[in-house]
Amino acid sequence: MPINWFPGHMNSTRQAIKDRVQAGLDVVIELLDARLPGSSSNPMLAALTTGRPSLKVLNKQDLADPAQTDAWLAFYNAQPHTRAIALDAGEKAPARALIKACRELAPLRGDMHKPLRVMICGIPNVGKSTLINTLVGRKAAKTGDEPGITKLEQKFVLEHGFYLFDTPGMLWPRIAIEQSGYHLAASGAIGRNAFDEEEVALELIAVLKRRYPERLQARYGLAELGADDSVLEAIGVKRGAKIRGGAVQMHKAAEALLVDYRQGLLGRITLETPEEMAAWRREAAEAQDRKAAEQEAARAADKERRSGKRSAASGDA
Ligand code: G4P
């Protein structure tokens, strides 16, 4: 899908993370969207913090499929120096579980002489401000790229010997995988002018038909599910997205479906599994390798053509 995605440049974020690593960092918290954990992750963070224990926090679990959340937790918990928990950012008790998990990841730190230094990162809209506010017990200032938002690192003392750092700059999602683009758009992580809502809705329908067909049928009273575009049309009919003459306004139907999904009105739905994500990553890497090989071959052919021309020209002389 062509996503007109122009994330703000990541250099300032990269630098802020590097600065924190250099100043001292014991645990990295990556906040993920439990509905799309793989797509809401940013590989740059892992690359900049290698060797540091990592806590994956699957937020918005109230909107995600509990069985799939368990699968993702098991997937992350099986990785070295990694722990994973799921929570709703607004809930006080689960948010406190995060402190316990960090302490377990760095057991040698966490007193006055050796405070536990934890950095929290996540793509926009994943719930970072909500979680920090819950942990801190008040409304904390947002860090980010927009005007009026602090560009300085913020430090919160969550309890004795426990420092939480919120880095400035935006950790934009990286859309190297087509499916991730769709999932990020469906979840609301990407600004709505950046993608075609109808296309995203059709992809969402494809996922729902495959994994949660009965939810789709129940929500829109559909006796059966036909082709994806006819399902979208039927949703439009149910939601009164018709214009005079009877035709369905497909973009209105798409908007209705996306709003319903984001609000959890279709139930708790996860868009991707760890296995699917691994396969998409492999495919994307292979496609990238193929592209690099093609470019290299084209460059070599071009060089040969030019050197052929040169020797022909010197033969002419
Ligand atoms: P950010 O700092 O990472 O950009 O995200 P922020 O906390 O601003 O949260 C983005 C949206 O996600 C907010 O909704 C917030 O309420 C919602 N949210 C955060 N955590 C959870 C969660 O665990 N479950 C659910 N269901 N929603 C969550 P909003 O509609 O944009 O704002 P508001 O109407 O809540 O103010």
Side-chain angles (χ1 to χ4, degrees), residues 5 7-8 10 12-13 16-17 28-37 39-42 44-45 55-66 68-70 72-73 76 84-99 101 118-156 158 164-174 183-194 204 215 255-256 258-271:
W5 181 241
M10 291 270 277
S12 58
T13 314
I17 295 172
V28 182
I29 297 178
E30 183 171 24
L31 204 50
L32 302 171
D33 188 324
R35 296 168 296 170
L36 49 147
S39 295
S40 57
S41 166
N42 184 319
M44 182 183 90
L45 181 62
L55 177 66
K56 309 287 183 191
V57 174
L58 274 60
N59 189 38
K60 307 195 183 186
Q61 67 140 4
D62 55 313
L63 297 174
D65 178 341
Q68 289 301 331
T69 299
D70 284 347
W72 277 101
L73 291 176
Y76 284 123
I85 56 173
L87 47 79
D88 309 343
E91 301 261 335
K92 195 126 191 122
R96 302 297 293 182
L98 170 153
I99 295 180
V118 177
M119 174 174 71
I120 184 163
C121 295
I123 64 167
N125 216 32
V126 74
K128 190 170 75 161
S129 317
T130 309
L131 180 59
I132 292 176
N133 291 344
T134 303
L135 286 163
V136 175
R138 65 181 157 82
K139 211 164 164 49
K142 266 202 170 202
T143 54
D145 280 347
E146 301 99 61
I149 285 183
T150 177
K151 288 192 172 15
L152 297 174
E153 180 184 71
Q154 292 201 87
K155 173 179 162 187
F156 306 97
L158 295 191
L164 182 73
F165 294 96
D166 182 15
T167 48
M170 282 291 178
L171 191 70
W172 298 102
R174 192 170 154 260
H183 295 178
L184 286 159
S187 76
I190 297 178
R192 55 182 300 202
N193 294 328
L204 180 60
R215 308 269 188 90
E255 214 173 270
L258 292 175
V259 167
D260 283 359
Y261 172 66
R262 289 173 194 155
Q263 291 182 351
L265 299 177
L266 288 147
R268 299 173 71 174
I269 284 169
T270 300
L271 297 175

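Because only heavy atoms are used, hydrogens play no part in the values below, and waters and symmetry mates are left out as well, while side chains stay in. As the structure lists them, so they are numbered: ligands from 1, and atoms in each ligand from 1. All values derive from a computational prediction rather than experimental measurement.
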Q: So which of T134, T130, V136 actually passes side-chain contact (heavy atoms from CB on, under 4.5 Å) with I132?
A: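 Answer after filtering T134, T130, V136: V136.
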Q: For the side chain of R35 and the backbone of H183, is there at least one donor-acceptor N/O pair under 3.5 Å apart?
A: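 Not confirmed, R35 side chain does not pair with H183 backbone.
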Q: Judging by distance only, is a nitrogen or oxygen of G127 under 3.5 angstrom from one on ligand 1?
A: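 Yes; the residue has a nitrogen or oxygen that sits under 3.5 Å from a nitrogen or oxygen of the ligand.
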Q: Give the numbers and elements of all ligand 1 atoms closer than 4.0 Å to a heavy atom of T130.
A: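 Numbered from 1, ligand 1 contributes 6 (P), 7 (O), 9 (O), 15 (C), 19 (C).
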Q: Looking only at N/O atoms, are Q61 and ligand 1 under 3.5 Å apart anywhere?
A: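 Looking only at distances, the answer is no, because the N/O contact criterion of under 3.5 Å is not met.
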Q: Under 4.0 Å from ligand 1, counting heavy atoms only, is it the side chain of D88, its backbone, both or neither?
A: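 D88 to ligand 1: contacts from backbone and side chain alike.
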Q: Which heavy-atom pair separates A86 from T69 by the least distance, and what is that distance?
A: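 For A86 versus T69, the nearest heavy atoms are CB-CG2, 3.6 Å.
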Q: When you compare the side chain of L32 with that of Y76, does any pair of heavy atoms fall below 4.5 Å?
A: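 Yes, at least one pair of side-chain atoms sits under 4.5 Å.
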Q: Among V126, D62, I120, whose heavy atom sits nearest atom 26 (N) of ligand 1?
A: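 The residue whose heavy atom sits nearest atom 26 (N) of ligand 1 is D62.
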Q: Determine whether a donor-acceptor pair (N or O, by modelled atom type, separation under 3.5 Å) exists between the side chain of D62 and the backbone of D88.
A: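 Checked: no pair found.
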Q: For a side-chain contact (heavy atoms from CB on, under 4.5 Å) with V28, tell me which candidate from I120, L45, L55 qualifies.
A: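 Result: among I120, L45, L55, L45 is the only option passing the side-chain contact (heavy atoms from CB on, under 4.5 Å) with V28.
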Q: Taking non-hydrogen atoms only, is L63 closer than 4.0 angstrom to ligand 1 via side chain, backbone, both or neither?
A: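 Side chain only.
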Q: Looking at ligand 1, does any of its N/O atoms fall within less than 3.5 Å of an N/O of A89?
A: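 Yes, there is a polar N/O contact under 3.5 Å.
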